[in-house]
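Note sheet for the following structure.
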Amino acid sequence: MTTHLTHWGAFEADSDGERLTAVRPWHGDPEPVPLIGNVASAQHHPTRIDGPYVRRGWLENGPGPGARGSESFVPVSWERALDLLAGELGRVYQEHGAQAVYGGSYGWASAGRFHHAQSQLHRFLNCLGGYVRHVNSYSLGTSTVFLPYVIGDIGWVTQQATAKTVLAEHSELVVAFGGLSPKNAAVSPGGVSRHNMRGWIAAARARGCRFVSISPLRDDTPRESEAEWIAPRPGTDVAMMLALAQVLDAEGLADEQFLREYTVGCDRFAEYLRGAVDGVVKDPEWAAAITGVPAVRIRTLAREMAAARTLVTVSWSLQRARHGEQPLWAGVALAAMLGQIGLPGGGFGHGYGSAASIGEPARVPAPRLPQGRNGVDAFIPVARIADMLLEPGAPFRYNGRELVYPEVRLVYWCGGNPFHHHQDLARLRTAFGRPDTVVVHDAFWTATARHADIVLPATMSIERDDYGVGEGDRSFFPMKALTRPYGQARDDYSIFAETAERLGVGKEFTEGRSAVEWLRYLYERWRVEQSRAGHELPDFDAFWAGEVLELPVPDPNQVLAADFRADPARHPLSTPSGKIEIFSATIDRFGYADCPGHPVWLEPEEWLGGAAAARFPLQLVANQPRTKLHSQLDVGAYSRSVKISGREPIRMHPSDADARGLRAGEIVRVFNERGSCLAGLVVDDGVRAGVAQLSTGAWYDPDPADPTFCRHGNPNVLIADRPSSTLSQGCAGQLTLVEVERYAGPITEVEVMRPPPMDRMNTEWL
């Protein structure tokens with residue numbers, strides 16, 4: 001039995017050397033999650049990539065735009081594959097320069113500190129001269145850009161968030177905009193050792209803390225909270241927040257002393273609330289017409305918040321939408337008006353329930369692989385990849401800057417699946433057809449691998465030695481290989497090391513070390529650094545022979561902004577003014593119509609109160625799945641256990657299903673003007689009427705005749721590829737309008753659940 005780590009938990013496994021024979025949650029986890037079941041069942045699934053492959057058209061015709069996603073693949077030897085790869089990298093760097101290479105690896109590859117696909121790829125490309133990089137993330141792109149102007153850096157807001165143990169002891173009221181989703185809180189980048197969400201919420205509730213969940217989904221908050229469920233129209237949370245703020249202002253419930261000492265711009269915001277700007281008072285009656293929440297409940301909730309130690313928390317989901325800055329900003333402003341920022345159990349939170357790490361006290365940093373220096377300045381916000389590939393040379397605005405999309409000839413993707421994260425997948429498919437070459441390392445035939453030219457089989461974490469620790473987690477695990485690699489799979493490091501050798505930068509990439517030698521070197525260097533900081537840790541051999549190493553936690557009872565509250569002069573925030581900016585002069589100077597200088601209600605293009613709802617009357621919520629992490633291991637047994645006739649489930653309220661003559665268990669067609677997909681119907685009164693919920697994560701399975709039609713149930717064929725705002729250019733993939741009808745066509749097998757077509761006819765290709 002050996003312990004191993006995933007992004008959703010630690011587990012214990014038995015192995016015969018070839019495959020895992022048993023998988024159990026780690027004995028130290030008080031609230032284990034069933035996602036562990038996907039690991040063993042996926043390892044030998046038919047969609048594992050068993051060797052190197054090259055797209056036939058690229059192999060026959062050479063680099064250039066091509067019909068990616070619709071051609072067969074040719075198996076080749078490792079030697080042939082790496083020769084082709086090195087030759088193409090050499091050509092592109094020599095003829096077009098490093099600015100023609102996009103290092104597209106996105107996070108969430110298998111857990112592990114050394115075999116972290118993104119770090120490995122970026123180190124490799126930096127040895128060649130650099131690459132066009134992405135900034136920010138699909139999960140937090142809006143917050144990352146926006147929050148530094150208003151309250152502080154995203155790392156500070158999330159990593160220094162008030163500890164959950166402190167909330168359990170001190171909070172009297174938790175108002176959760178976007179809920180406190182137990183499925184999202186089950187995962188965290190790098191791993192989770194001890195799931196504890198239900199525990200801290202149950203402890204808080206037993207002490208008398210009340211929870212209010214503001215979400216279109218009742219199960220967005222655990223049962224232990226006994227939460228009051230308020231379900232506004234999706235995308236209208238900011239209107240409700242503004243009305244709560246208006247009540248505090250109008251009834252003299254705002255903490256004026258806190259606003260004077262710790263904030264700037266509250267007067268400008270108050271004028272907007274009072275209607276001095278546009279003649280519209282943002283009172284509960286105004287908000288009720290937008291949100292559908294009764295005005296009396298909004299007014300009484302504001303009074304309850306002012307009378308209690310209240311945490312205002314905003315989920316990551318709310319900023320993954322058009323004008324995603326506004327609910328964040330209004331949430332900060334609301335918490336500031338209550339005057340409890342910096343107090344135990346009160347103030348502002350961002351992401352409780354969005355990831356397991358939020359509310360875990362910051363621990364000492366863990367070892368990491370140096371990535372070197374990137375010689376290219378060009379970058380894109382991560383959610384703008386299709387724009388970059390389709391519109392090279394086009395100007396775009398971002399965070400107060402005027403930029404230009406680079407002309408990318410080669411896309412190198414390692415450890416990610418943009419056909420999960422991105423929106424308007426038919427458009428992304430067209431974009432992926434534009435570069436000269438697309439290279440992908442992956443363990444499985446995901447949609448991204450199927451849209452590549454050179455496909456190299458990567459190991460899963462259970463097939464290689466590593467060590468891992470989650471973001472915000474204190475448990476550092478040795479991760480010994482549990483089985484031999486599947487087929488001809490190799491770890492990313494060995495692939496890059498051999499390619500680097502062919503390109504003359506082998507010494508720069510490896511520094512003469514094997515993967516195991518790197519593990520020892522990085523650990524021992526880190527151990528010396530920690531010793532200088534006063535933290536004594538075991539040597540590598542002792543660590544490697546043990547089960548887990550508990551890392552030091554400097555402040556177990558951390559409270560966000562406690563130092564700032566105690567002395568704002570000595571401990572200013574990192575905002576331009578050093579204070580909480582309810583009005584931002586910097587953002588206001590940018591002049592963006594879709595993100596003005598203080599929180600406002602901006603009507604999105606697609607919502608239930610808009611004109612587009614006449615054609616597509618259901619608001620689709622495309623949230624994260626509960627049976628997998630993003631699209632990872634969608635072929636696993638637990639992920640497949642909830643599918644209906646092989647399709648992803650969609651939830652609808654009984655009244656909406658009845659109005660369309662639909663029954664639970666039927667295959668339905670979900671559609672709008674951008675595309676359509678199939679899904680299996682679940683009827684559930686835990687979904688707000690007028691809302692349909694279809695999680696992301698189903699591997700994109702386009703109809704060959706119509707790439708806008710996904711036969712598996714990926715909602716991203718339906719969602720517009722538009723940014724949250726000009727300021728952040730963040731992902732806005734959470735919401736869209738759709739209609740749902742019974743599907744009358746044939747229920748065919750999902751093609752993406754088996755390998756793509758192979759062509760093994762010509763031995764010269766080997």
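Residue Arg464 is tested with Leu482, Asp491, Thr483 for a side chain to side chain contact (heavy atoms under 4.5 Å, CB included); the sole match is Asp491.
At distances below 3.5 Å, not a single donor-acceptor pair connects side-chain atoms of Arg320 with backbone N or O atoms of Leu318. The main-chain N or O of Ala732 is never found under 3.5 Å from a side-chain atom of Gln319 such that the two would form a donor-acceptor pair.
Listed by chain and number, the residues in a side chain to side chain donor-acceptor pair (under 3.5 Å) with Thr446 are Asp442 (sequence neighbours excluded). Residues satisfying the ring pair (Phe, Tyr, Trp, His ring centres under 6.0 Å) test with His422, not counting sequence neighbours, are Tyr138. The ring pair (Phe, Tyr, Trp, His ring centres under 6.0 Å) check on Phe477 picks up Trp26, with sequence neighbours excluded. By the side-chain contact (heavy atoms from CB on, under 4.5 Å) test, Gln693 pairs with Leu217, Asn623, Arg651, Ser695, sequence neighbours left out. With sequence neighbours excluded, the residues satisfying ring pair (Phe, Tyr, Trp, His ring centres under 6.0 Å) with His134 are Tyr106. With sequence neighbours excluded, the residues satisfying side-chain contact (heavy atoms from CB on, under 4.5 Å) with Pro654 are Val683, Asp685. The side-chain contact (heavy atoms from CB on, under 4.5 Å) check on Pro704 picks up Arg711, with sequence neighbours excluded. Taking the side-chain contact (heavy atoms from CB on, under 4.5 Å) definition, one finds that Pro757 meets it with Ser72, sequence neighbours left out. Partners of Ser137 by side chain to side chain donor-acceptor pair (under 3.5 Å), not counting sequence neighbours: none found. Every residue two or more places apart in sequence or in another chain that forms a side chain to side chain donor-acceptor pair (under 3.5 Å) with Tyr412 is listed here: His441. Partners of Trp8 according to the side chain to side chain donor-acceptor pair (under 3.5 Å) rule, which considers only residues two or more places apart in sequence or in another chain, are Thr6. Residues meeting the ring pair (Phe, Tyr, Trp, His ring centres under 6.0 Å) test with Trp445, sequence neighbours left out: Tyr53, Phe73.
Stacking of Arg48 on the aromatic ring of Phe444 is recorded, both the 6.0 Å distance cut-off and the 45° axial limit being met.
Closest non-hydrogen pair, Pro216 versus Val621, comes out as CG-CG2, 4.1 Å. Between Pro457 and Ile495, the closest heavy-atom pair is O-CD1, 4.2 Å.
Using a cut-off of 4.0 Å between Lys/Arg side-chain N and Asp/Glu carboxylate O, Glu751 and Arg754 are scored as salt-bridged. One finds no salt bridge joining Arg56 and Glu71 here, because no Lys/Arg side-chain nitrogen approaches an Asp/Glu carboxylate oxygen to under 4.0 Å. Between Lys628 and Asp634, at least one side-chain nitrogen of the basic residue sits less than 4.0 Å from a carboxylate oxygen of the acidic one, meeting the salt-bridge criterion. For the pair Asp721 and Arg674, the salt-bridge criterion is not met [side-chain N within less than 4.0 Å of a carboxylate O].
Residues Ser461 and His4 have side chains that bring a donor and an acceptor to within less than 3.5 angstrom of each other. Side chains of Ser475 and Arg194: a donor-acceptor N/O pair is present below 3.5 angstrom, by distance only. For the residue pair Ser315 and Ser317, a side-chain donor N or O sits within less than 3.5 Å of a side-chain acceptor on the partner. Side-chain contact of His115 with Glu463: a donor-acceptor pair under 3.5 Å is absent, judged by distance alone. Asn196 and Glu360 share a side-chain donor-acceptor pair at under 3.5 Å.
Inter-residue side-chain proximity for Leu620 and Leu737 is flagged as unmet; no heavy-atom pair is nearer than 4.5 Å.
For Arg742, the CZ atom counts as densely surrounded, since its 6.0 Å shell holds more than 12 non-hydrogen atoms of other residues, nucleotides or ligands. Within a 6.0 Å radius of CZ in Arg429, other residues, nucleotides and ligands contribute more than 12 heavy atoms. Summarising the local packing, CZ of Arg660 is surrounded by more than 12 heavy atoms from other residues, nucleotides or ligands at distances under 6.0 Å.
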Residue pair His712, Lys643: steps toward the side chain to side chain donor-acceptor pair (under 3.5 Å) verdict: CA-CA 10 Å; His712 192 195; Lys643 295 183 187 288; 3.2 Å; yes
Steps toward side chain to side chain contact (heavy atoms under 4.5 Å, CB included) verdict (Cys677, Leu718): CA-CA 8 Å; Cys677 67; Leu718 305 163; 4.0 Å; yes
Evaluation steps, side chain to side chain donor-acceptor pair (under 3.5 Å), between Glu606 and Gln619: CA-CA 8 Å; Glu606 298 185 40; Gln619 186 88 66; 6.0 Å; no
Test log, rule side chain to side chain donor-acceptor pair (under 3.5 Å), inputs Thr21 and Asp14: CA-CA 5 Å; Thr21 56; Asp14 298 328; 4.9 Å; no
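Taking the six-membered ring where the residue is Trp, Phe709 and Tyr743 present tilted rings, their angle falling between 30° and 60°.
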